[in-house]
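In what follows, a structure is listed as structure tokens, so that the remarks can point back to it.
Scope of the values below: all heavy atoms of this structure, side chains included, with no hydrogens, waters or symmetry mates.
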Amino acid sequence: MKKFLLAVILAVMSCGLAHAAERWTPQQANAWYAKQKWLVGSNYIPADAINQLEMWQEASFNPAQIDKELGWAQDMGMNTMRVFLHDQLWQQDAAGLKRRMGVFLEIAARHGIKPLFVLFDSCWDPNPRLGPQRPPIPGVHNSGWVQGPGKTVLADRTQHGRLEAYVKDIVGHFAKDDRILGWDVWNEPDNSGGGDYNDHSRERFDQVAYLLPRVFDWARSANPSQPLTSGVWHNENWDKLDALNAVEKTQLTQSDVISFHDYSWPEVFEARVKALQVYGRPILCTEYMARGAGSTIDGSLPIAKAQRVGMFNWGFVSGKTQTIMPWDSWQRPYTLRPPTLWFHDLLKPDGTPYRAREVEILRRLTAAP
């Protein structure tokens, strides 16, 4: 296996960046978007998986569970899902990961769903470990989610060749697969971690700022027929490019289609959309819906429909991620009783809606012209 991985790394690195395709023009991006239905889905992980590793590793990959849950999504009118990968999955079993991704794509296609795959993520535990994952911490939001690349690999540039090989192999393998919506190259790159893992150091920010444009280059060198993106998430003045940090500038100047996150009230959501419209590209909101923070299906989705902004709420079926718990559950775990209001997630484990009205809105808006 080590010899195989070394061969793959050397092969993809030999391609270099000289042959990398150019960023899509606004005209190309808008032509692609005009062919898509109005995009509505969730950030998806099966209810029986606590994180990306448990979802995809051979021992815990569960096609039957995925098929059942994506059937529920189809019934609600959804046509896409945002799905997280991890570099360690490729390091562990590159061929197996691609095979399981193929199975996932077959299931998703049967249900009319085109996934947006996420390659890297800066949220939660910075020390991912392969193998069986720990059980959820009772009453705590996303207690087992892991960053990718992990803290050690992010800081060690001698390991970045492996990350390059991972990106080029995965994107290259599926580069012409029309079952895939696109590639979200890095989720919230400059997030400090969250929960008990916050790292606000300048060193960590600089590591991310160095690696992010290279990830865009690696993915683009595979010449995918699908767009690349990375979502801005912690500012409201995104139309003022000169005022943004280095990571945000890379996200907004390298993404083929613009994406952002919003967990705020509808008026803030609308203002953020207007700020991003100055770039003249399609817009996707790849994370929203935190009921306790004011972000809801009722408030944001009708605005998005009017502006033709693609929408991915956080959380689909309540499960091991425990994202019905709010973010502050890291400080005050909900161990004695559940929260009064679910924070994320749309469905109970048996597929019944948490709020029937939300599903009615999803069905009505996705069915409308």
Side-chain angles (χ1 to χ4, degrees), residues 41-76 78 80-86 89 100-101 103-104 107-108 111 113 115-118 121 123-125 128-129 131-148 187 194-195 263 286-292 295 297 312-330 333-356 358-359 362:
S42 293
N43 283 264
Y44 177 70
I45 187 166
D48 63 351
I50 195 170
N51 59 26
Q52 321 89 304
L53 300 179
E54 191 163 54
M55 176 178 177
W56 289 107
Q57 289 183 119
E58 183 175 12
S60 46
F61 182 62
N62 190 344
Q65 182 79 14
I66 293 168
D67 186 45
K68 177 177 66 175
E69 294 179 358
L70 294 190
W72 295 338
Q74 180 183 25
D75 182 63
M76 293 163 58
M78 290 183 169
T80 186
M81 288 285 178
R82 186 168 178 250
V83 183
F84 289 72
L85 305 173
H86 199 285
L89 294 163
R100 289 186 286 276
M101 288 176 66
V103 172
F104 180 88
I107 296 170
H111 295 292
I113 289 171
L116 174 68
F117 283 121
V118 185
D121 184 8
C123 294
W124 308 111
D125 189 345
R129 296 175 181 83
Q133 301 298 293
R134 65 170 182 260
I137 300 172
V140 175
H141 172 108
N142 240 349
S143 62
W145 200 263
V146 292
Q147 295 181 31
N187 177 60
Y263 289 114
T286 49
E287 290 187 23
Y288 84 104
M289 199 188 76
R291 296 180 185 91
S295 177
I297 297 284
F312 300 75
N313 71 278
W314 188 273
F316 187 56
V317 181
S318 174
K320 291 176 76 173
T321 60
Q322 299 183 158
T323 51
I324 68 168
M325 313 295 175
W327 295 315
D328 68 5
S329 60
W330 281 88
Y334 287 73
T335 53
L336 297 179
R337 65 182 67 177
T340 302
L341 184 69
W342 276 22
F343 201 65
H344 298 313
D345 299 340
L346 294 172
L347 301 179
K348 298 175 183 178
D350 64 359
T352 58
Y354 169 64
R355 286 187 61 222
E358 291 176 338
V359 175
L362 278 162

Between [X] and [Y], what is the shortest heavy-atom contact and its length?
X    : Y    : answer
V317 : A47  : CG1-CB, 3.9 Å
V146 : P128 : CB-CB, 3.8 Å
G292 : L341 : N-CD2, 3.8 Å
P46  : I66  : CG-CG1, 3.8 Å
S42  : F316 : OG-CD1, 3.5 Å
P326 : F343 : CA-CG, 3.6 Å

Examine distances only and state if a side-chain atom of [X] and a backbone atom of [Y] form a donor-acceptor pair shorter than 3.5 Å.
X    : Y    : answer
R82  : Y44  : no
S295 : Y263 : no
E54  : I50  : yes

Go through the side-chain N and O atoms of [X] and [Y] and say whether any donor and acceptor fall under 3.5 Å apart.
X    : Y    : answer
Y334 : Q322 : no
H111 : D75  : no
Q147 : D125 : no
N142 : T321 : no

Hey, do the aromatic rings of W56 and F84 have their centres closer than 6.0 Å?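 No.
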
What do you reckon, are the aromatic ring centroids of H141 and W124 less than 6.0 Å apart?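 Yes; W124 has its ring centre under 6.0 Å from that of H141.
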
Sort out for me which residue in D121, N43, T286 forms a side chain to side chain donor-acceptor pair (under 3.5 Å) with N187.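 Among D121, N43, T286, the one meeting side chain to side chain donor-acceptor pair (under 3.5 Å) with N187 is D121.
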
Are D48 and E69 packed together at the side-chain level, in the sense that at least one heavy-atom pair is separated by less than 4.5 angstrom?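 No; the side chains remain at least 4.5 Å from each other.
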
Taking side chain as C-beta onward, heavy atoms only, is V140 less than 4.5 Å from T335?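 Result no, sub-4.5 Å side-chain heavy-atom pair not found.
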
